[in-house]
Amino acid sequence: MGGLILPPAYADDAASRPALDHPAYRSTALRHPSRPPIAVPQTLTELTGPLLGDGRVRPTDADLTTQHDGEPLGERIIVHGRVLEAGGRPVPDTLVELWQCNSGGRYRHDRDRHPAPLDPNFTGAGRCLTDAEGRYRFVTIKPGAYPWGNHPNAGRPAHIHFSLFGRAFTQRLITQMYFPGDPLFGQDPIFNAVRDPAARARMVCAFDLAATEPEWALAYRWDIVLRGPARTPGDEDAA
Ligand SMILES: [Fe+2]
């Protein structure tokens with residue numbers, strides 16, 4: 001095992017981690033594990049994968065507005081930020097993937113059947129690798145809010161799903177980024193499954209005037225902190 005960098009110990013953070021069974025988020029009643037987790041021995045496969053390889057992630061993968069013949073409808077935005085360790089150390093070469101609905105609030109997915117239009121010029125998925133300073137940057141369309149059947153008249157605040165891979169399969173963070181001042185925050189059980197208000201605030205990006213490109217796109221900044229008191233909450237049990 002010489003030279004192998006093992007993942008650091010994981011410090012649990014119950015205040016920001018959503019409960020696996022969260023009654024207000026109804027589908028967790030059937031989805032959450034009913035038995036304690038089993039520790040699986042970590043072998044070379046778990047500790048050294050995924051091996052993404054240079055060149056597999058292309059620069060164009062980070063622009064969700066140029067994946068089709070025409071431009072998607074909606075408000076073009078830049079979403080950028082840094083992936084950081086506790087203490088502010090940047091995390092380079094991390095795979096950041098995102099997926100989202102279109103500007104009308106509909107996903108390009110067979111199970112999304114609510115009556116909003118699909119956009120033939122928008123798939124809603126992108127990815128990039130963080131640079132040496134831990135930076136990532138996407139160009140996309142601001143996602144719409146959408147209804148869901150959790151409770152009467154339920155609507156999800158606009159959000160973008162994020163997945164981050166570290167050096168190993170066991171190092172993965174899945175979470176959601178929200179937009180400032182969304183009127184649906186108060187009735188969204190997924191957002192509120194993170195119990196600590198300060199931790200919830202860390203899932204909300206900030207409007208970033210300095211990064212806006214005039215006459216072209218507004219910008220939002222969202223730093224993702226993997227560990228420590230400023231950790232970005234994950235949605236281990238959320239869709
Ligand atoms: Fe979603």
Side-chain angles (χ1 to χ4, degrees), residues 16 18 22-28 31 63-65 67-68 70-81 96-127 138-163 173-209 211-212 217-224 232-239:
S16 61
H22 184 62
Y25 179 7
R26 283 172 41 204
S27 60
T28 63
R31 191 188 295 174
D63 189 341
L64 285 73
T65 68
Q67 296 175 346
H68 298 275
E71 289 204 78
L73 295 172
E75 180 185 341
R76 188 187 300 113
I77 59 171
I78 296 161
V79 177
H80 75 116
V96 181
E97 298 170 286
L98 63 73
W99 63 98
Q100 62 169 91
C101 62
N102 66 24
S103 62
R106 184 158 172 190
Y107 286 97
R108 183 173 290 280
H109 190 283
D110 285 345
R111 290 187 59 182
D112 190 343
R113 296 284 174 176
H114 95 272
L118 283 171
D119 186 339
N121 292 314
F122 193 71
T123 301
R127 60 184 182 174
F138 291 98
V139 177
T140 185
I141 295 294
K142 191 171 184 183
Y146 58 80
W148 64 311
N150 185 75
H151 57 273
N153 203 22
R156 296 255 26 238
H159 60 277
I160 297 178
H161 296 264
F162 273 75
S163 164
L173 170 69
I174 300 174
T175 188
Q176 298 178 29
M177 185 201 85
Y178 298 86
F179 292 85
D182 197 304
L184 294 172
F185 281 154
Q187 58 84 65
D188 183 50
I190 297 180
F191 181 70
N192 291 290
V194 175
R195 288 154 284 180
D196 178 2
R200 284 201 296 274
R202 294 197 293 272
M203 299 189 291
V204 182
C205 65
F207 175 60
D208 186 355
L209 183 63
T212 292
L218 298 178
Y220 292 89
R221 178 176 179 132
W222 189 51
D223 288 344
I224 302 166
T232 303
D235 62 358
E236 289 88 338
D237 64 337

How long is the gap from [atom1] on [X] to [atom2] on [Y], to the nearest 0.5 Å?
X      : Y      : atom1 : atom2 : value
Arg127 : Leu98  : CZ    : CG    : 11.5 Å
His114 : Tyr107 : NE2   : OH    : 10.5 Å
Asp112 : Arg106 : CG    : CZ    : 5.5 Å
Tyr146 : Leu184 : OH    : CG    : 11.5 Å
Thr123 : Leu118 : OG1   : CG    : 10.5 Å
Cys101 : Ile160 : SG    : CD1   : 9.0 Å

How close do [X] and [Y] get, heavy atom to heavy atom, and via which atoms?
X      : Y      : value
Leu64  : Gly126 : CD1-CA, 3.9 Å
Leu218 : Glu75  : CD1-OE2, 3.4 Å
Gly74  : Ile141 : CA-CG2, 3.8 Å
Met203 : Pro233 : CG-CD, 3.7 Å
Gly104 : Ala116 : O-CB, 3.4 Å
Ala158 : Asp182 : N-OD2, 3.0 Å

Handout entry: Worked verdict on Trp222 versus Phe138 for ring-ring contact (aromatic ring centres under 6.0 Å, His included)
Key = CA-CA 11 Å; Trp222 189 51; Phe138 291 98; over 10 Å; no
Practice task
Show the numbers, then the answer: is there a side chain to side chain contact (heavy atoms under 4.5 Å, CB included) between Phe162 and Leu173?
Solution key: CA-CA 8 Å; Phe162 273 75; Leu173 170 69; over 6 Å; no
Practice task
Show your working on side chain to side chain donor-acceptor pair (under 3.5 Å) between Asp188 and His159 and close with a plain yes or no.
Solution key: CA-CA 12 Å; Asp188 183 50; His159 60 277; over 6 Å; no
I'd like to know if the side chain of [X] reaches the main chain of [Y], judged simply by a donor and an acceptor atom lying under 3.5 Å from each other, with no hydrogens or angles considered.
X      : Y      : value
Gln187 : Gly155 : yes
Arg108 : Asp119 : yes
Thr28  : His22  : yes
Arg113 : Asp110 : yes

Exercise for the section: Given side chain to side chain contact (heavy atoms under 4.5 Å, CB included), test Val204 with Phe185 step by step and report yes or no. Expected result: CA-CA 10 Å; Val204 182; Phe185 281 154; 4.0 Å; yes
Exercise for the section: Would you check, one step at a time, whether the test side chain to side chain contact (heavy atoms under 4.5 Å, CB included) holds for Thr212 with Phe207? Expected result: CA-CA 9 Å; Thr212 292; Phe207 175 60; 4.1 Å; yes
Exercise for the section: Specify whether Tyr220 and Phe179 have parallel, tilted or perpendicular ring planes, treating 30° as the upper limit for parallel and 60° as the lower limit for perpendicular. Expected result: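 Judged by the thresholds at 30° and 60°, the geometry between Tyr220 and Phe179 is perpendicular.
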Problem - Sequence-distant partners of Asn150, side-chain hydrogen bond (donor to acceptor under 3.5 Å, both in side chains), two or more places apart - result: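 Expected list: none.
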Exercise for the section: Please step through side chain to side chain contact (heavy atoms under 4.5 Å, CB included) for the pair His161 and Ile174, ending with a clear verdict. Expected result: CA-CA 7 Å; His161 296 264; Ile174 300 174; 5.9 Å; no
So, do [X] and [Y] sit near enough that their side-chain heavy atoms are less than 4.5 Å apart?
X      : Y      : result
Asp208 : His80  : yes
Asn192 : Arg200 : yes
Pro143 : Ser103 : no

